[in-house]
Participant: 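Below is a structure I'd like to ask you about.
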Amino acid sequence: MARRKKVYEGKAKILYEGPEPGTLVQYFKDDATAFNAQKKDIIDGKGVLNNRLSEFFMVGLGNIGVPTHFIKRLNMREQLIRACEIVPLEIIVRNVAAGTLSTRLGIEEGTPLPRPIIEFCYKDDKLGDPLVAEEHIIAFGWANQQDLDDIVALALRVNDFMSGCMMAVGIKLVDFKIEVGRIWDNDMHSLILADEISPDSCRLWDIETGKKLDKDVFRRDLGSLTDAYTEVARRLGVLPTNSGPVTRPTLIN
Ligand code: CDP
């Protein structure tokens, strides 16, 4: 018999019904996918690390007043979150040229951008999450102009906070993706930060060496993804610096 009802299963996470109405349990899997799931693998310990790292960032953002879906971590792979209506957009914030920005516009990877650039992609795996303009978003009703203004303000606050956290531990925040959701109060809604913030959805480069500490390690076969994420977690103080490799007992709480 199933322990609880699965609400949704994505590439890296599963959502289960939560203990109270309006809550969900978010479970972090070890599955890694890239290039719209054309490259797949199981990376032992990745889900444990992302659960901890996402908790770290969401709690920090909550402390500076950014509304998030995070309620509390339940165990090494699960966190309790507020249910929300996900806006079907991937919101990408870039500080340095990389990835599709570099290939699309021919800007060399590593070129600092004159200001943070925010891009919107329509969340649809079948279409490969295409880049869309604000015009499309509003015309097709995925979000309204007020939502977009709020999303830009929220994304820039997340960028400032995350850039500072990373800079303090010698890591450059090159770019990242966030998702937001709506919380309804009668016919009014507000937006909260949802999904996850982890090295799966960021580009993180060591400031000194340029070493990649994010999912590009997996995408581009650059070594051990668990080692890279463990290093990020250790530098941020999320894992004790003297703990051994990421194993289940190390992260039991
Ligand atoms: O990562 P990729 O080169 O496919 O696309 P990008 O547009 O350069 O991605 C910008 C940032 O958003 C990177 O940090 C990606 O890891 C993240 N992203 C993500 O987390 N999920 C996606 N579906 C697309 C991008």
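One-based numbering, in listed order, for ligands and for the atoms of each.
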Participant: Taking 4.0 angstrom as the limit and counting only heavy atoms of D129, give me the atoms of ligand 1 inside it, by number and element.
Facilitator: 23 (N)

Participant: Check R219 against ligand 1 and report side chain, backbone, both or neither, counting heavy atoms closer than 4.0 Å.
Facilitator: side chain

Participant: Is it the case that one hydrophobic cluster holds both L193 and M162, taking links as side-chain heavy atoms less than 4.5 Å apart, direct or via other members?
Facilitator: yes

Participant: Please work out whether the ring planes of W142 and F140 are parallel, tilted or perpendicular, with thresholds of 30° and 60°.
Facilitator: tilted

Participant: Output side-chain donor-acceptor pairs under 3.5 Å for residues 10-22, partner residues at least two apart or in another chain, one line each.
Facilitator:
residue: K11; atom: NZ; partner: D125; partner atom: OD1; Å: 3.3
residue: K13; atom: NZ; partner: D195; partner atom: OD1; Å: 2.9
residue: K13; atom: NZ; partner: E196; partner atom: OE2; Å: 2.8

Participant: Under 4.0 Å, heavy-atom basis, I'd like to know which part of D175 is in contact with ligand 1: side chain, backbone, both or neither.
Facilitator: both

Participant: Does anything in residues 150-176 form a salt bridge (charged side-chain N to carboxylate O under 4.0 Å, His left out)? List the pairs, not counting sequence neighbours.
Facilitator: R94-D175, D175-R203

Participant: Among all protein heavy atoms, pick the one closest to atom 4 (O) of ligand 1 and tell me residue, atom and distance.
Facilitator: T100 CG2, 4.1 Å

Participant: Have a look at ligand 1 and work out which part of I92, if any, has a heavy atom under 4.0 Å from it: side chain, backbone, both or neither.
Facilitator: side chain

Participant: Which residue owns the protein heavy atom closest to atom 12 (O) of ligand 1, what's the atom, and how far is it?
Facilitator: K177 CB, 3.5 Å

Participant: At a 4.0 Å cut-off, with the gap strictly under it, does some heavy atom of R203 reach an atom of ligand 1?
Facilitator: yes

Participant: Looking only at heavy atoms, what is the nearest atom pair of D214 and C202, with distance?
Facilitator: CB-O, 3.2 Å

Participant: Test of understanding: given a 4.0 Å heavy-atom threshold, classify the contact between D214 and ligand 1 as side chain, backbone, both, or neither.
Facilitator: neither

Participant: Quick one: look up the protein heavy atom nearest atom 24 (C) of ligand 1 and list residue, atom name and how far away it is.
Facilitator: E90 OE1, 3.6 Å

Participant: If Ile, Leu, Val, Met, Phe, Trp and Tyr residues are connected whenever their side-chain heavy atoms lie under 4.5 Å apart, and connections chain through other members, are F176 and L191 in the same group?
Facilitator: yes

Participant: Could you check T226, D200, T230 and say which one makes a side-chain hydrogen bond (donor to acceptor under 3.5 Å, both in side chains) with K46?
Facilitator: D200

Participant: For ligand 1, does C202 get within less than 4.0 Å through its side chain, its backbone, both, or neither, judged by non-hydrogen atoms?
Facilitator: backbone

Participant: With only distance considered, is E119 within less than 3.5 Å of ligand 1 through an N or O on each side?
Facilitator: no

Participant: Identify, by atom number and element, the atoms of ligand 1 in contact range of D200, meaning under 4.0 Å from any of its heavy atoms.
Facilitator: 16 (O), 20 (O)

Participant: Do E78 and N75 meet the criterion of a side-chain donor-acceptor pair at a distance under 3.5 Å?
Facilitator: yes

